[in-house]
Amino acid sequence: MTQKLTFTTILILLFLSCPKKLSYAEFEQNVFDEIFLKTVNSTYKDKRLYTFFPSREKGFNDPEYLRQRKILENDTIGLVIALDNKRPINFEKIKSDKFIFKKLSEIPEDEEFRKWSEKYPKFAGVMSFSKIRFDNKNENGELDVSYTCGGRCGLGYKVSIKKENQKWVIVKIEQTWIS
């Protein structure tokens, strides 16, 4: 009887200690969570800078324009980025001094995101992410990233990732479109 109990206990412990096989969706989400901040850092454009131009009369060498631009360039803490609602993003998991992430659905959308800029002076734009497409071995992947700063203002990227030393890293960023 003791042998049966010992054998059963060992079987139960072995079964419980086996790692749980993740579904493809869970695997993809875990990889996305791991590369999310690196991807944002590598692809976002600050709407405040991207859409900030000098007057036609004074041009790009205007000292006041250059001074204001420098202030914006150095103002990099607490930038607000709205994330579209197309894929699950765990906002509680994201820890960043540089960025504050909000759901795009928080404010009714207008073409130029004026309501966002009014509510958040450090509004840097809207980002969206595709699902990650992996190779057959799940060692390489790519995803599409879109950055939007207004109705006819935005950029798109293809981000290639690779698993190196048990961590996912960005290996290439290719700009795919501009508006």
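Put simply, CZ on Arg114 and CD on Glu118 are 9.0 Å apart, with the number rounded to the nearest 0.5 Å. If you take NZ on Lys122 and CD1 on Ile77, they are separated by 7.0 Å, rounding to the nearest 0.5 Å. Considering CD1 of Ile89 and CZ of Phe129, their distance stands at 6.0 Å, rounded to 0.5 Å. With values rounded to the nearest 0.5 angstrom, Ile107 atom CD1 is found 10.5 Å from Phe113 atom CZ. For the atom pair CD1 (Ile132) and CD (Glu142), the distance works out to 10.5 Å, reported to the nearest 0.5 Å. Atom CG of Asp46 sits about 8.0 Å away from atom CG of Asp75, to the nearest 0.5 Å.
Listed here is the closest heavy atom pair of Glu28 and Lys131: OE2-CA, 3.4 Å. Of all heavy-atom pairs between Ser117 and Phe123, the closest is OG-CD2, 3.6 Å. Across every non-hydrogen atom of Tyr50 and Gly154, the tightest pair is OH-O, 4.3 Å.
Between the side chains of Asn30 and Glu34, not a single donor N or O lies within less than 3.5 Å of an accepting N or O.
Around the CG atom of Asp135, the shell of radius 6.0 Å holds more than 12 heavy atoms that belong to other residues, nucleotides or ligands. Around the CG atom of Asn61, the shell of radius 6.0 Å holds no more than 12 heavy atoms that belong to other residues, nucleotides or ligands. Within a 6.0 Å sphere centred on NZ of Lys103, other residues, nucleotides and ligands contribute 12 heavy atoms or fewer.
Residues Ile81 and Leu104 fall into different hydrophobic clusters, defined by Ile, Leu, Val, Met, Phe, Trp and Tyr side chains chained together at heavy-atom separations under 4.5 Å. Val126 and Leu83 sit in two unconnected hydrophobic clusters of ILVMFWY residues. Membership requires side-chain heavy atoms under 4.5 Å apart, directly or through other members. Hydrophobic clustering places Val31 together with Val40 (ILVMFWY residues linked when any side-chain heavy atoms are closer than 4.5 Å, directly or through intermediates). Grouping the Ile, Leu, Val, Met, Phe, Trp and Tyr side chains by contacts below 4.5 angstrom, directly or via other members, places Ile71 apart from Leu79.
Under the 3.5 Å distance criterion, the side-chain polar atoms of Lys95 are matched with a main-chain donor or acceptor of Glu92. In this structure, the side chain of Tyr147 engages the main chain of Lys47 through a donor-acceptor pair within 3.5 Å.
Within the 4.5 Å cutoff, no side-chain heavy atoms of Lys45 are placed close to those of Cys149. Ser42 places none of its side-chain heavy atoms less than 4.5 Å from the side chain of Val159.
Using cut-offs of 30° and 60° for the angle between ring planes, the Phe134 and Phe27 rings count as tilted.
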Using residues 161-179 as the side-chain source, report each donor-acceptor pair under 3.5 Å to any protein atom, sequence neighbours left out, with the distance given to one decimal.
{"unit_1": "Thr176", "atom_1": "OG1", "unit_2": "Gly156", "atom_2": "O", "d": "3.3"}
{"unit_1": "Ser179", "atom_1": "OG", "unit_2": "Arg152", "atom_2": "O", "d": "3.2"}

Review item, side-chain donor-acceptor pairs of residues 62-70, under 3.5 Å, at least two apart:
{"unit_1": "Asp62", "atom_1": "OD2", "unit_2": "Tyr65", "atom_2": "N", "d": "3.2"}
{"unit_1": "Glu64", "atom_1": "OE1", "unit_2": "Arg67", "atom_2": "NE", "d": "3.2"}
{"unit_1": "Glu64", "atom_1": "OE2", "unit_2": "Arg67", "atom_2": "NH2", "d": "2.9"}
{"unit_1": "Glu64", "atom_1": "OE2", "unit_2": "Gln68", "atom_2": "NE2", "d": "3.1"}
{"unit_1": "Tyr65", "atom_1": "OH", "unit_2": "Phe52", "atom_2": "O", "d": "3.4"}
{"unit_1": "Tyr65", "atom_1": "OH", "unit_2": "Arg69", "atom_2": "NH1", "d": "3.4"}
{"unit_1": "Arg69", "atom_1": "NH1", "unit_2": "Leu49", "atom_2": "O", "d": "3.2"}

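Between Phe36 and Phe101, the distance separating the two ring centers is shorter than 6.0 angstrom.
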> Could you walk me through whether Leu143 and Ile35 pass the side chain to side chain contact (heavy atoms under 4.5 Å, CB included) check?
Replying inline: CA-CA 11 Å; Leu143 70 149; Ile35 64 161; 3.8 Å; yes
> Yes or no on side chain to side chain contact (heavy atoms under 4.5 Å, CB included) for Phe99 and Met127, after CA distance, side-chain angles and deciding distance?
Replying inline: CA-CA 12 Å; Phe99 302 111; Met127 295 188 83; over 6 Å; no
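Put simply, the residue from Arg87, Arg133, Lys158, Lys86 that forms a salt bridge (charged side-chain N to carboxylate O under 4.0 Å, His left out) with Asp144 is Arg133.
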